Engineer: 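This is the structure, below, for whatever I ask next.
These figures come from a predicted structure and were not determined experimentally. Quick note on labels: first sequence line is chain A, next is B, and so on, each numbered from 1.
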Amino acid sequence: MDEPSTSNSTLLRHLTPEQQSAVVHIDGPMLTLAGPGSGKTRVVTHRIAHLLEHGIPEWQIAALTFTNKAADEMRARVDALVPGKQVWMGTFHRFCAQLLRRYASMVGLQENYSIYDTSDSKQAMKRAIAATGVSTSHASPDMIANLISKAKNKLITPDVWQAQMLSPQEKVASQVYPIYQQQLLTANAVDFDDLLLHVANLLRQNPELRSDLDAHFRYIMVDEYQDTNLAQYAIVRGLSVDYPNLAVTGDPDQSIYGWRGADLNNILDFEKDYPDVKTVRLEQNYRSTPNILRAADQLIRHNRRRKQKDLFTDNDEGAPVTLRICSDGFDEADSIADEIVNLIACETARPSDFAIFCRMNSLTRSVEHALRGRGVPYQIVNGVEFYQRKEVKDVLSYLHLVNNPGHDVALTRVINTPTRGIGAKTIERLQGFADRNAIPMLEAARRVDEIDALAKRSRTMVSKFVDLYDKIATKATASLEDLMRYLVQETKYDQYLEKTASDSDDSSPTANIDELITAGADFDRRHPEDGSLDTFLEQVALVSDTDAFDDSDERVTLMTLHASKGLEFPRVYIIGVEDDLLPHKRSKDDDSQFEEERRLFFVGITRAEQTLQISCCKRRMIRGERRPVIPSPFLNELPLDEIKRVDTSVNRGPWFDSVDQSTPSDWDMPEIQVNANEDTSFDFGANTNQTNEAVAVFDGPDDSDITMTPDEPPTEPSSTAAIPEIGALKTAADLMTVNRPPITAFQEGTQVRHMDYGVGTIIAVSGRGPKRMARVRFGEEEHSFRLAFAPLQIED
DNA sequence: CAGGTAACCTTTTTT
DNA sequence: AGGTTACCTG
């Protein structure tokens with residue numbers, strides 16, 4: 001879309017007058033209010049290109065985003081316009097992490113400080129709570145962590161906080177806060193909030209540094225400004241005093257991170273903060289059909305606290321929005337999966353056209369199951385995160401400890417993993433000694449002889465661990481790959497895994513370790529010069545699985561509504577649009593939270609380019625219990641008279657008859673057959689053209705040609721039946737995996753070809769189904785692959 | 001101290 | 001349903 005250009009005229013050619021006026025703006029503050037699909041990224045990237053062409057040095061520009069994904073895309077598009085320029089683009093957190101590396105000593109850290117992820121900081125929080133000695137009967141660790149996080153995002157210090165009127169929970173949290181903070185400093189560590197907090201403080205407390213940085217980053221751009229919290233606001237503000245060339249883009253209607261401290265006032269009051277601001281409104285939508293846009297518009301009009309804007313588009317009318325009503329989550333997943341298979345089979349769509357959004361991660365499970373059963377390739381953004389797996393965290397913890405001996409959370413994790421006779425009591429005593437002396441636990445372990453409470457045996461064990469650590473630490477400067485292989489070997493972690501892993505199913509810890517080592521080797525290769533351990537660990541800490549999302553892959557995408565922001569797909573499904581779920585249960589006591597839920601739905605709707613399907617169920621499994629469901633109140637706010645209704649809940653139509661008969665009561669829930677018709681909670685006004693024929697949803701009569709024979713039901717059989725392997729299924733799904741050999745073709749000894757690594761031999765296979773892994777030797781190197789997705793060809 | 005089983009409690013969204 | 005913790009036994 002954006003062809004390279006070298007002159008202004010080419011740069012501006014395909015832009016509307018509004019877009020142009022934003023692109024050519026150079027000095028002074030600017031606010032771009034950009035509705036969904038209005039070409040915002042286009043404007044931002046073109047503006048960067050324009051600044052560069054105007055002679056602004058690349059190092060004076062910084063573009064801040066909320067996800068790495070957004071930054072990567074921006075970088076790619078700027079590079080297409082103006083190749084080879086090194087403009088700083090990245091997330092707020094990464095920006096701060098890098099500044100903090102440099103000025104660590106000014107906030108009491110060392111430059112090799114660690115970044116605690118959420119689970120690390122939860123561990124640290126528990127310890128801080130214990131050290132504070134407060135009662136947790138009225139405030140759970142989670143709640144305390146939450147309150148402290150909010151306080152940090154608002155730049156509230158412990159003493160200011162304690163001086164305020166506080167609820168009992170806040171009181172507890174405010175007491176834990178300084179202790180927690182002190183322990184973080186002792187550990188030479190920060191949590192996610194600290195990255196912002198420390199930098200904000202740095203700028204506030206060091207006028208000289210502030211003005212230096214202000215002068216350095218003269219042109220600052222912030223994407224998704226509606227999602228900034230006070231800390232981020234302070235940072236941006238601090239960098240735009242002498243050079244107020246601050247350009248922010250955002251859309252108040254897409255603010256969905258209030259729970260994380262985002263303050264809508266930042267964008268609503270921008271014009272007050274910067275009186276001379278230039279404001280540009282982008283309201284024309286280039287993404288969606290009018291049908292989709294009307295649904296979005298009618299919905300969002302119900303929010304009271306917003307700036308009215310008029311969304312319009314020149315696109316073709318397109319298909320009506322569909323509302324699908326299902327018996328339960330399984331029915332919902334099956335009928336959507338069937339439809340996807342169908343559309344792909346008649347070649348009207350490709351897997352990557354589809355996205356399925358939901359409010360909670362757990363809802364993806366049923367859909368995942370349905371897609372897997374049909375052999376449809378899919379990816380889950382933010383499923384079980386790779387870096388959260390036990391074995392991966394274990395190995396990473398060793399790395400963390402090598403990099404930063406103060407990383408107490410890592411030490412606590414690995415000191416007895418693999419088990420080496422150091423029990424909970426011993427760890428507790430080490431912690432106590434460390435706390436009393438304000439030293440890291442590893443230091444306490446070195447001084448184990450001073451801890452009287454410890455038994456002789458325990459002391460020996462601890463000392464042996466310290467020796468082991470010192471041995472591993474000698475390799476700190478080796479390549480990541482060598483370091484990881486060495487430590488896995490020295491700690492006998494590989495043996496431990498083999499012993500522990502009962503290997504009951506397809507999750508293969510060993511393969512995950514291999515994958516981690518491959519990632520390390522990859523990092524070594526990409527950073528031959530600057531590839532230090534702390535950069536690697538920083539990278540790992542600041543990537544989310546949202547960033548792993550790959551739109552070039554031919555796969556259906558499953559993700560939460562939150563993760564969908566900033567993306568677009570031809571065909572979108574939003575599932576579970578139900579009361580207590582889409583306005584989430586815990587958001588209903590508060591008006592502003594309720595409106596945020598509505599915006600969340602709005603964001604989901606406006607991701608759709610061509611078709612949009614919304615679904616809700618009559619019943620749903622919640623925490624292992626089947627419960628009746630009330631449809632979302634938001635459904636009544638849509639233009640119901642122009643929405644097509646499909647009911648798959650009673651009888652799924654002639655096309656599915658064979659399935660229903662071949663799998664009678666596989667789910668063991670006859671009550672649905674009995675009660676479904678009497679369910680009166682689904683009354684959305686006048687439209688009564690409900691149909692029991694799912695066929696109505698599909699695009700044409702060709703659909704009946706699908707090669708779904710009765711002996712291969714598209715519905716996954718009961719749990720006792722084996723899951724068919726991908727590739728073995730004779731379904732429409734085969735059509736799209738045709739260029740990939742069936743998974744069963746890869747065996748030990750098979751010769752394969754990889755694009756980058758060349759020809760290799762499979763030396764081991766493990767796991768089943770989509771998780772099946774193969775370890776391949778390419779000459780000197782070895783790599784692990786997920787067979788279902790790896791770009792491997794059979795070499796003959 | 002380690003490993004197993006039973007109770008239990010949890011669930012929103014993410015850098 | 002699934003994961004975590006608490007308690008019990010070897």
Side-chain angles (χ1 to χ4, degrees), chain A residues 64-71 90-97 115-123 126 140-143 146 149 152-153 190-197 224 227-229 231-232 255-262 329 357-366 369 381-382 384-385 387-390 416-427 455 457-458 461 496 499-500 502 538-547 559-565 576 580-588 593 596-597 599-601 603-604 620-627 719:
Chain A
L64 300 171
T65 62
F66 277 79
T67 63
N68 294 300
K69 169 97 177 55
T91 63
F92 260 102
H93 287 83
R94 196 181 287 281
F95 182 77
C96 293
I115 301 171
Y116 278 4
D117 68 18
T118 314
S119 71
D120 293 337
S121 79
K122 211 169 133 189
Q123 287 305 116
K126 282 185 187 159
S140 68
D142 270 339
M143 182 181 278
N146 235 313
S149 170
K152 285 185 176 182
N153 286 327
V190 301
D191 62 19
F192 285 137
D193 302 316
D194 282 339
L195 287 171
L196 306 174
L197 178 68
E224 311 282 11
D227 287 326
T228 50
N229 57 37
Q232 289 162 327
S255 164
I256 55 177
Y257 285 101
W259 52 274
R260 205 168 90 185
F357 303 151
C358 52
R359 179 67 235 266
M360 287 191 297
N361 277 308
S362 57
L363 290 188
T364 57
R365 284 184 192 277
S366 56
H369 188 74
V381 177
N382 261 16
V384 191
E385 297 173 42
Y387 289 109
Q388 297 298 333
R389 307 189 104 104
K390 178 190 168 354
N416 199 32
T417 314
T419 48
R420 41 179 84 90
I422 300 175
K425 265 272 159 327
T426 308
I427 294 176
R457 198 182 122 85
S458 305
M461 296 301 194
Y496 162 78
K499 221 171 9 160
T500 323
S502 48
E538 176 185 306
Q539 188 134 317
V540 169
L542 296 181
V543 296
S544 68
D545 278 8
T546 315
D547 309 316
M559 64 171 91
T560 63
L561 287 162
H562 282 89
S564 77
K565 194 171 66 159
D580 285 353
L581 207 53
L582 190 38
H584 192 271
K585 201 196 217 120
R586 286 167 54 163
S587 68
K588 297 218 286 200
Q593 283 183 45
E596 182 158 308
E597 296 289 306
R599 291 195 292 267
L600 192 53
F601 193 19
V603 166
R620 187 176 288 280
M621 283 278 248
I622 295 168
R623 266 184 300 223
E625 225 185 330
R626 183 173 300 285
R627 290 181 35 192
S719 53

Engineer: Quick test: give all pairs of protein nitrogen or oxygen and nucleotides 2-9 of chain B nitrogen or oxygen below 3.5 Å, distance rounded to 0.1 Å.
Structural biologist:
| from | atom 1 | to | atom 2 | distance (Å) |
| --- | --- | --- | --- | --- |
| B/dA2 | OP1 | A/Gly421 | N | 2.8 |
| B/dA2 | OP2 | A/Asn416 | ND2 | 3.3 |

Engineer: Please measure how far the P atom in B/dT11 lies from the corresponding atom in C/dA6, and state the result in whole Å.
Structural biologist: 15 Å
Engineer: Do A/Met360 and A/Thr560 have side-chain heavy atoms sitting under 4.5 Å apart?
Structural biologist: no
Engineer: Output the rounded distance in Å from CE (A/Met143) to P (B/dT11).
Structural biologist: 11 Å
Engineer: The side chain of A/His584 lies closest to which of these nucleotides: B/dT11, B/dT14, B/dT15?
Structural biologist: B/dT11
Engineer: List in chain and number order the residues that pass side-chain contact (heavy atoms from CB on, under 4.5 Å) with A/Asp580, two or more places apart in sequence or in another chain; answer none if no residue qualifies.
Structural biologist: A/Lys585, A/Lys588
Engineer: What contact category does A/Lys425 fall into here, base, sugar-phosphate, or nothing, at under 4.0 angstrom with non-hydrogen atoms?
Structural biologist: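 Counting heavy atoms under 4.0 Å across all strands, the contact made by A/Lys425 is with sugar-phosphate only.
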Engineer: Contact class for A/Thr426 vs. all strands (heavy atom < 4.0 Å): base, sugar-phosphate, or nothing?
Structural biologist: sugar-phosphate
Engineer: Grab the CD1-P distance between A/Ile256 and B/dT15 for me, whole Å please.
Structural biologist: 11 Å
Engineer: Is a side-chain donor or acceptor of A/Thr65 paired with a backbone partner of A/Thr67 at a separation under 3.5 angstrom?
Structural biologist: yes
Engineer: Could you tell me from which nucleotide to which nucleotide of DNA chain C, 5' to 3', there is an atom under 4.0 Å from chain A heavy atoms?
Structural biologist: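 First and last nucleotides in contact are C/dA1 to C/dT5.
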Engineer: Could you check how far NE2 of A/His562 sits from C1' of B/dT11, rounded to whole Å?
Structural biologist: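 In whole Å, B/dT11 C1' and A/His562 NE2 are 14 Å from each other.
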Engineer: Give one of base, sugar-phosphate or nothing for A/Lys126, where a contact means two heavy atoms less than 4.0 Å apart.
Structural biologist: sugar-phosphate
Engineer: How many Å lie between CD on A/Glu224 and P on B/dT14, as a whole number?
Structural biologist: 14 Å
Engineer: According to a strict under-4.0 Å criterion, is A/Asn68 in side-chain N/O contact with OP1 or OP2 of B/dT15?
Structural biologist: no
Engineer: Can you sort out the partners of A/Ser119 under side-chain hydrogen bond (donor to acceptor under 3.5 Å, both in side chains), two or more places apart, ordered by chain and number?
Structural biologist: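 Only A/Asp117, A/Lys393 meet the side-chain hydrogen bond (donor to acceptor under 3.5 Å, both in side chains) criterion with A/Ser119.
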Engineer: Taking only residues two or more places apart in sequence or in another chain, which ones pass side-chain contact (heavy atoms from CB on, under 4.5 Å) with A/Ala97?
Structural biologist: A/Tyr113, A/Ile115, A/Leu195, A/Glu538, A/Leu542
Engineer: Rounding to an integer number of Å, can you tell me how far A/Leu363 CG sits from B/dT13 P?
Structural biologist: 9 Å
Engineer: For A/Thr417, check side-chain hydrogen bond (donor to acceptor under 3.5 Å, both in side chains) against everything at least two apart and list the hits.
Structural biologist: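 So A/Thr417 forms no side-chain hydrogen bond (donor to acceptor under 3.5 Å, both in side chains) with any residue.
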Engineer: By nearest heavy atom, map A/Lys122 and A/Phe192 onto DNA chain B; which one lands nearer the 5' end?
Structural biologist: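 So the residue in question is A/Lys122.
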Engineer: Under 4.0 Å between any heavy atoms, over every strand shown, what does A/Asp142 touch: base, sugar-phosphate, or nothing? Just pick one.
Structural biologist: sugar-phosphate
Engineer: Enter the distance from A/Leu582:CG to A/Glu597:CD here, rounded to the nearest 0.5 Å.
Structural biologist: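 Output value for this atom pair is 6.0 Å.
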Engineer: Can you work out whether A/Phe66 or A/Gln593 has the more 5'-proximal nearest nucleotide on DNA chain B?
Structural biologist: A/Gln593
Engineer: A/Asp227 CG to B/dT14 P: how many Å, rounded?
Structural biologist: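 One finds 13 Å between P of B/dT14 and CG of A/Asp227, rounded.
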Engineer: Determine the sole option in A/Asp193, A/Asp191, A/Thr118 for which the side chain to side chain donor-acceptor pair (under 3.5 Å) test with A/Ser149 is passed.
Structural biologist: A/Asp193
Engineer: Taking only N and O in the side chain of A/Thr560, is any of them less than 4.0 Å away from OP1 or OP2 of B/dT14?
Structural biologist: yes
Engineer: Residues in side-chain contact (heavy atoms from CB on, under 4.5 Å) with A/Ser366, at least two apart?
Structural biologist: A/Ala333
Engineer: So, using ring-ring contact (aromatic ring centres under 6.0 Å, His included) as the criterion, who are the partners of A/Tyr257 when residues are at least two apart?
Structural biologist: A/Trp259, A/His562
Engineer: Just jot down the side-chain contact (heavy atoms from CB on, under 4.5 Å) partners of A/Lys122, sequence neighbours excluded, or say none.
Structural biologist: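 Scan of A/Lys122 (side-chain contact (heavy atoms from CB on, under 4.5 Å), adjacent residues dropped) gives A/Asp142.
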Engineer: Please pick, from B/dT13, B/dT15, B/dC1, the nucleotide with the shortest atom-to-atom distance to any side-chain atom of A/Ser458.
Structural biologist: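 In terms of side-chain proximity for A/Ser458, the closest of B/dT13, B/dT15, B/dC1 is B/dC1.
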Engineer: Tell me whether the OP1 or OP2 atom of B/dT15 has a side-chain N or O from A/Asn229 closer than 4.0 Å.
Structural biologist: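 No, because none of the side-chain N or O atoms of A/Asn229 sits under 4.0 Å from OP1 or OP2 of B/dT15.
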Engineer: Base, sugar-phosphate, or nothing: which does A/Phe92 touch, judged by heavy atoms less than 4.0 Å apart?
Structural biologist: nothing
Engineer: Atom CG of A/Leu542 to atom P of B/dT14: distance rounded to whole Å?
Structural biologist: 16 Å
Engineer: Which nucleotide sits closest to the side chain of A/Met360: B/dT14, B/dT15, B/dT11?
Structural biologist: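 The answer is B/dT11.
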Engineer: Whole angstrom is fine here: how far is it from CZ in A/Arg599 over to C1' in B/dT13?
Structural biologist: 13 Å
